[in-house]
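Below: one structure, written as structure tokens.
Here is how names work: the chains are called A, B, and so on, in the same order as the sequence lines, proteins then strands, and each is numbered from 1.
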There are 2 protein chains.
Amino acid sequence: MSDEAIHRELNTLARRVRAEAHRLHPALSFVAYTLLGHARATGGCRAVDLAALYQLDKSTVSRQVADLERRGLLEREPGGRGQRLRVTAAGLAELAAAAAGQREALARRLAGWDEADLRAFAGYLERYNATDGTVSP
Amino acid sequence: MSDEAIHRELNTLARRVRAEAHRLHPALSFVAYTLLGHARATGGCRAVDLAALYQLDKSTVSRQVADLERRGLLEREPGGRGQRLRVTAAGLAELAAAAAGQREALARRLAGWDEADLRAFAGYLERYNATDGTVSP
DNA sequence: CTCATAGAGTTGTACTCTACAACTACGTCA
DNA sequence: TGACGTAGTTGTAGAGTACAACTCTATGAG
């Protein structure tokens, strides 16, 4: 029934969101954007937190972070272990630019929706994402 | 203000769907799965249709299709141009196996939802995906 | 009928994201 | 103090992707 449809639509969505993000703001990849966004939201998480949250390998995060740092968007609090990651001013600006483009595209898509539907859709998405899909071992 | 939330949740979703699909059924990648699925759904579309639908480059689709063919999951109707792509019996089986895993995970996630919410969520997703996000030039 | 052109597909190349494995560096605790 | 666990890095490999240059095929104008 409905979950057949949900399954299909989620797959379509997953393809498109990424591709679109990349088209809209090639300077900051989808991955970089989400990592940077979370660093900002938490005000200084560690690399290992990002890896856990997004189910990425340590090495992947390490390289992403190194790249963001090289570009001046992120700073590592010095110190050997559990370094805090802080978004720089340039990073904030880049984040804002990327978000703006994405939000604009989103607004275009949601143009015909009324307020109640928007709230309901947002609610369902939050509810869905909040569920932990992993199987307890 | 709901679109702030929608924006955020869509990004989370995009990350997870892919990663999860890959974890659940590594034999058939997320990409291969969606392409094969659409070939089956349409009963013989062309490569160029897949490219248009998923906003992929021709070359990407070409290689994916070649790989699926090499693995015996897809057949190309012979003939030079606009070849129809047909899912083989093996392809159907592989699709079913991948879908089963994903659907099971989905069902686990949606376990607490009642029928009305499921229908509503599916409806919103369909509506969202149906909107063409591209800007007319 | 013939050839020019547009459309479909392929191939070469290069880049990003990613995982896994092996390694290093740093703390912590017995 | 030394062993162990945690955080992070580096080497390597493979998938997915785009872009550009190419080939092949159908179609239609003359």
Side-chain angles (χ1 to χ4, degrees), chain A residues 11 14-36 38-39 42 44-71 73-86 98, chain B residues 11 14-36 38-39 42 44-71 73-86 98:
Chain A
N11 279 343
R15 299 202 119 292
R16 289 204 183 162
V17 169
R18 249 174 212 245
E20 201 159 289
H22 183 256
R23 248 196 359 260
L24 288 171
H25 196 79
L28 197 59
S29 77
F30 179 73
V31 178
Y33 174 74
T34 44
L35 296 186
L36 202 53
H38 192 254
T42 58
C45 61
R46 298 165 307 158
V48 71
D49 301 327
L50 294 173
L53 179 63
Y54 296 115
Q55 299 171 43
L56 294 169
D57 193 78
K58 298 183 295 177
S59 64
T60 300
V61 175
S62 174
R63 281 182 241 264
Q64 290 286 335
V65 166
D67 186 58
L68 288 170
E69 192 185 26
R70 204 173 319 118
R71 294 161 60 189
L73 307 179
L74 196 62
E75 277 174 349
R76 273 183 277 217
E77 200 172 78
R81 261 204 2 184
Q83 318 143 321
R84 301 282 150 182
L85 303 172
R86 309 221 178 271
Chain B
N11 278 343
R15 298 203 121 292
R16 288 206 183 159
V17 170
R18 247 172 214 247
E20 201 158 288
H22 184 255
R23 249 195 0 260
L24 288 171
H25 195 80
L28 196 59
S29 79
F30 177 72
V31 178
Y33 174 74
T34 44
L35 295 186
L36 203 53
H38 192 256
T42 57
C45 62
R46 297 165 307 155
V48 72
D49 301 328
L50 295 173
L53 179 64
Y54 295 115
Q55 299 172 44
L56 294 169
D57 193 79
K58 299 182 298 176
S59 64
T60 301
V61 174
S62 174
R63 281 183 242 265
Q64 289 286 335
V65 166
D67 187 58
L68 288 169
E69 191 184 27
R70 204 174 318 118
R71 292 160 64 190
L73 307 179
L74 195 62
E75 277 173 350
R76 272 184 278 216
E77 199 174 77
R81 261 208 355 189
Q83 318 141 321
R84 302 281 149 182
L85 304 172
R86 309 221 177 273

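If you take CD of B:Gln83 and C1' of D:dT23, they are 13 Å apart, rounded to a whole angstrom. One atom, CG of A:Leu35, and another, P of D:dG8, lie 13 Å apart when rounded to the nearest Å. Rounded to a whole Å, the CZ atom of B:Arg23 is 11 Å from the P atom of C:dA19. Here C:dT18 presents its P atom at 12 Å from CG of A:Leu50, a figure rounded to the nearest Å. When rounded to the nearest whole Å, the span between NZ of A:Lys58 and C1' of C:dA19 equals 12 Å. Atom CD in B:Glu77 sits roughly 15 Å away from atom C1' in D:dT25 (whole-Å rounding).
Residues A:Leu36 and A:Leu74 share a closest heavy-atom pair of CD1-CD1, 3.7 Å. The heavy-atom pair separating A:Tyr54 from A:Thr34 by the smallest distance is OH-O, 3.5 Å. Nearest heavy atoms, B:His25 versus B:Ala98: CD2-CB, 3.5 Å.
The salt bridge (charged side-chain N to carboxylate O under 4.0 Å, His left out) search around A:Arg63 returns none, not counting sequence neighbours.
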Protein and nucleotides 15-17 of chain D: nitrogen or oxygen contacts under 3.5 angstrom:
residue, atom, partner, partner atom, Å
D:dG16, OP1, B:Ser29, OG, 2.7
D:dG16, OP2, B:Gln64, NE2, 3.4

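More than 12 heavy atoms of other residues, nucleotides or ligands lie within 6.0 Å of NE2 in A:His38, so this atom counts as buried by the packing criterion.
A sub-4.0 Å separation between OP1 or OP2 of C:dC26 and a side-chain N or O of A:Arg46 is absent. For the OP1/OP2 pair of D:dT9 and a distance below 4.0 Å, the side-chain nitrogens and oxygens of A:Arg76 include at least one atom meeting the criterion.
Rounded to the nearest 0.5 Å, atoms CG (B:Leu56) and OG (B:Ser62) are 12.0 Å apart.
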